[in-house]
Amino acid sequence: MLPLRGQLGRLSMHKSFERPRISLQVSGICARTELLRWLLEQRRITYVEEIYPSLEAGGRPKLTTADRAAQGMIAAVNLIDSRSRKTEKVYGATDSGEVFDAELLKTLWFKLGRAGLLLWMHFVSSAPRRSFSKLPAVESKLWSEARQSTKFAIRLLELEERRATEFNLDELKSAIESALDMADAILDRQGSSFLAGEVPGVPDVIFSAMASPLLLPEGCSTPFPLLETMPDELRQLIDQCRSRPCGKVGMETYRLIRPKRQEAMRDIREKTGFVGWLLRPPILRFGAKTLVRWAPRLQIGSRYIVSDWAGCAEVLDRDNDFLIGPINQKRIESVSGPFILGMDRSKELLEQRRHVYSALRSADRSALAPLAKSEADRLIDEAIAEQGRIDVVNGYARLIGARLASKLFGILGPTEQDLMRVARAIFHETFLNLSDDPEVRVRGIAAGKELRAWIEQEIRTRRAGDVSNNDNDVLGCLMRSTGADEDASRAMLAGLLVGAIDTTATAVANIAKVILDDPVLKQTMRGDLDDPLRLSGWCWEALRRRPHNPLLIRRAGPHAQLAGRPIKKDALVIVLTVGAMHDPMAFASPEMLRPDRPPDRYMHFGRGLHLCSGRDFNAVHIPTLVGGLLRRGLKSGSRIRMCGPFPDEFVVEFKKMN
């Protein structure tokens with residue numbers, strides 16, 4: 001069940017929203033278009049809308065993602081449904097037991113959406129100009145635009161159905177009556193306020209969108225003219241539809257849960273300046289390896305670049321001399337509150353570590369591995385059946401990472417897109433905003449407030465004794481561990497949650513890219529798919545070539561020394577872990593990939609006091625998702641398209657399997 005407006009709100013698409021990754025092509029006024037807009041906006045999935053320039057495909061709407069294209073309303077709804085988490089599915093049982101499926105959607109379109117639209121278009125097209133020529137300018141313009149739009153749309157519908165221009169009005173009215181009677185019968189049989197139960201759900205959304213030309217509801221994305229400007233016969237029909245029980249449900253559904261229409265958006269191409277070019281994995285890896293060989297402890301003014309394994313290990317292990325607080329504390333606390341990755345060694349840090357690791361150990365993780373595998377199999381199988389390719393980032397690893405994180409930590413967010421957006425914005429500001437970009441900071445702080453509100457609401461719900469919540473997730477374990485200290489639980493959960501989603505997505509995309517660039521590695525890894533230990537080893541080796549986090553930063557304390565040499569107080573120390581993992585003193589023959597290297601040599605998830613808390617979480621699920629791609633015959637891939645420091649699109653293709 002999707003949340004009501006009081007929980008989700010009629011929120012506009014503002015700068016905090018991620019760029020659109022979906023294109024919606026539509027034509028003219030159409031109930032199908034209204035439905036697709038509503039489903040996307042309700043899930044906070046941003047999109048670019050385009051108008052069909054011709055009669056292509058009969059004007060059926062087309063939804064296009066990085067890896068798939070869905071032509072027609074049913075196919076587009078199926079695509080949205082396949083990408084949605086369980087609480088946002090389009091198809092399935094309602095609270096009252098009614099099952100909504102594609103056949104019912106098709107029936108509502110032909111009997112209500114299409115028939116109502118044709119009837120509406122008939123009256124609009126045949127209305128004499130003098131009936132609206134003396135109206136106020138705004139209404140006159142709407143009528144004029146409606147006439148132009150309907151003429152085009154009628155031609156599209158004629159092409160789609162291969163029908164003549166004459167419409168049988170009696171047949172249209174009969175079809176509409178049949179659809180409305182069906183909806184009224186469901187309401188009567190259920191005895192509920194809405195088709196979905198006591199609160200409006202997806203069946204109500206679909207019915208309301210299909211009925212929109214006959215209800216002219218406030219909030220509809222199509223700018224219908226005012227009811228009083230309609231021809232008499234059409235106005236009477238609309239009044240009759242509004243007065244029926246199902247018509248009242250449609251109007252109330254719009255009032256309660258129709259989000260505000262998304263503002264016009266465009267897809268922003270990635271910007272790659274000199275710094276972005278310098279940080280490209282091949283360039284960064286080459287530079288780091290060069291430093292390891294010729295200048296492993298390089299000083300440039302008050303900055304030190306440490307690239308050899310021994311030097312990096314020394315900096316990270318000596319946390320009293322090389323401090324993380326001056327780097328992370330201010331940003332982390334301004335976004336989500338005190339967290340161990342912004343604290344130096346202290347009583348407070350040790351106390352928080354005790355709570356965090358106790359909660360992670362106590363949380364029930366038994367369902368995570370099966371969930372990762374089942375979701376990986378489902379998404380890949382559906383993608384192969386459709387187009388034979390998948391977007392590894394936003395069509396696969398990031399989605400699964402969000403679902404696993406929700407299951408483990410106990411926070412859903414209003415929608416899955418909200419959860420992913422907020423986690424990325426916070427992660428960007430707290431750990432990756434090395435240039436102190438003010439826009440990134442504003443977005444991160446705003447996202448922190450959203451996440452704080454979700455966690456606080458969840459804590460209040462659990463304190464009230466809602467038995468539907470799982471007390472064996474990390475939040476439940478933290479609440480038991482910290483007692484009444486809700487601020488501590490909230491800050492710790494926020495710190496744990498934000499890194500889990502994009503770390504998974506980035507690592508999986510980077511590993512897949514390395515595999516596709518090395519045919520021998522791909523073939524060798526396929527032979528080890530049934531050996532979890534070796535598969536994990538291959539993943540960490542591939543990640544050495546393209547690490548998700550190639551460097552860490554510290555500040556030198558007052559008595560800091562490196563290899564016995566003093567380091568100036570407050571000096572910035574850049575720890576090039578990508579260099580350390582190519583140091584031949586720690587990785588024999590570093591150019592070779594070997595899955596049997598000692599695990600303690602890797603620095604993918606940090607080292608010392610500030611090891612990544614979710615390393616065990618990622619150690620299981622990253623190889624699972626990589627293995628899912630390899631099992632299906634990974635064939636080729638596009639370049640990785642970036643969004644700031646994050647991989648945002650990586651489309652891979654699969655071999656045709658016999």
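For the single chain, residues carry numbers from 1 onward in sequence order. Only this structure's heavy atoms are used, side chains among them; waters, hydrogens and symmetry mates stay out. Here the structure is a predicted model, which means the values were calculated and not measured.
The closest side-chain donor-acceptor pair between S374 and D377, if any, does not fall under 3.5 angstrom. The closest side-chain donor-acceptor pair between D67 and T65 falls under 3.5 angstrom. In this model, no donor atom of one side chain and acceptor atom of the other lie less than 3.5 Å apart for R526 and Q523. Side chains of N618 and T504: a donor on one and an acceptor on the other come within 3.5 Å.
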For the pair Y602 and E541, evaluate side chain to side chain donor-acceptor pair (under 3.5 Å) and give the outcome as yes or no after the intermediate values. CA-CA 9 Å; Y602 297 108; E541 283 289 280; 2.7 Å; yes

Yes or no on side chain to side chain donor-acceptor pair (under 3.5 Å) for S481 and H355, after CA distance, side-chain angles and deciding distance? CA-CA 6 Å; S481 176; H355 289 303; 2.4 Å; yes

Could you walk me through whether L543 and I622 satisfy the side chain to side chain contact (heavy atoms under 4.5 Å, CB included) test, starting with their C-alpha distance in whole Å, then the side-chain angles of each, then the deciding distance to 0.1 Å, before giving a yes or no? CA-CA 11 Å; L543 209 54; I622 288 174; 5.6 Å; no

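Side-chain contact between R607 and D317 is present, with at least one heavy-atom pair separated by less than 4.5 Å. Proximity of R632 to I390: side-chain heavy atoms (C-beta onward) are nowhere separated by under 4.5 Å. L368 is listed as a side-chain neighbour of R365, based on a closest heavy-atom distance under 4.5 Å. In this structure the side chain of K513 never reaches within 4.5 angstrom of the side chain of V392, judged on heavy atoms. At least one side-chain heavy atom of K289 sits less than 4.5 Å from a side-chain heavy atom of E591. Annotation: side chain of R597 is in contact with side chain of R544 (closest heavy-atom distance under 4.5 Å).
Ion pairing between R463 and E486 holds under the 4.0 Å rule for side-chain N and carboxylate O.
With a 6.0 Å radius and a threshold of 12 heavy atoms from other residues, nucleotides or ligands, K522 has its NZ atom above the threshold.
Between W540 and H604, the two ring planes are tilted [angle within 30° to 60°].
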